[in-house]
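Worksheet: one structure, shown below.
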2 protein chains.
Amino acid sequence: MPSKLEGAMDALITVFHNYSGSEGDKYKLSKGELKELLDSELTDFLTSQKDPMLVEKIMHDLDSNKDNEVDFNEFVVLVAALTVACNDFFQEQQRKRSKDEKKGK
Amino acid sequence: MPSKLEGAMDALITVFHNYSGSEGDKYKLSKGELKELLDSELTDFLTSQKDPMLVEKIMHDLDSNKDNEVDFNEFVVLVAALTVACNDFFQEQQRKRSKDEKKGK
């Protein structure tokens, strides 16, 4: 039985390969595959963003070796950045709450 | 219902805070908390490593701002590096298998 952390690592690998295998290099996301992954797996994040060029921008930022595809290492950088942003938000909320509790609100 | 990817991101945040809250700064892992997290969440990885100084070394490598604690950003770097290593192994196995299949093994 894998731990919660092992399960999360496994999910990252599985999700990537669920989309990277559709076309071209099996182990890399083309722009179409990246868009499909973001659409299906991060729907709320994408719909909250109004920028029609978002996928192009993400692709451009992630594709550090400029081969027009996103490999697993580049994908993990995206997930790490998003998770850190979520955690910052979460910690900020927690801090506010404990401040309010001290004030007896 | 969160997607598989959202679930994984949520798990990373939850696991970190399950351990970081025990002592000292609630939002950072002390050396003791890091050891507990690694022991419980990455048991197989730790037991396969024979180096008794491993936790000290990981702590030293991760703690980029040298405050003797590991914050969430530093923790995500560890998880990303381990996941990339797992994925490299997985892809290598896949490549070997498809090579063998072509050979008709």
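As a basis for the values below, the full set of heavy atoms in this structure was taken, side chains included, without hydrogen atoms, waters or symmetry mates. By convention in this document, chain letters (A, B, ...) are assigned in the order of the sequence lines, proteins followed by strands, and residues within each chain are numbered from 1. Keep in mind the model is a prediction, meaning the values are calculated, not measured.
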Where does [X] contact chain A at under 4.5 Å (heavy atoms): side chain, backbone, both or neither?
X       : value
B:Tyr27 : both
B:Ser40 : backbone
B:Leu82 : both

Do any N or O atoms from the side chain of A:Glu41 and from the backbone of B:Leu5 form a donor-acceptor pair under 3.5 angstrom?
yes
Any donor-acceptor pair under 3.5 Å from B:Gln93 side chain to B:Phe90 backbone
no
Let's test your reading of the structure: which of [options] forms the most heavy-atom pairs below 4.5 Å with chain A?
options                            : answer
B:Val77, B:Asn87, B:Val84, B:Leu12 : B:Asn87
B:Gln91, B:Arg95, B:Gln94, B:Glu6  : B:Gln91
B:Thr83, B:Asn73, B:Asp44          : B:Thr83

Hydrogens and angles aside, do A:Glu33 and A:Ser20 bring a side-chain donor and acceptor to less than 3.5 Å of each other?
no
Are A:Glu23 and A:Ser30 close enough that a side-chain donor and a side-chain acceptor fall under 3.5 Å?
yes
Before accepting this row, confirm whether a basic side-chain N of the pair B:Asp100/B:Lys96 lies closer than 4.0 Å to the acidic partner's carboxylate O.
no
Salt-bridge present (B:Asp39, B:Lys35; N to O < 4.0 Å):
yes
Where does A:Val76 contact chain B at under 4.5 Å (heavy atoms): side chain, backbone, both or neither?
side chain
For chain B, the option from A:Asp10, A:Asp88, A:Leu42, A:Thr43 that forms the most heavy-atom pairs under 4.5 Å:
A:Leu42
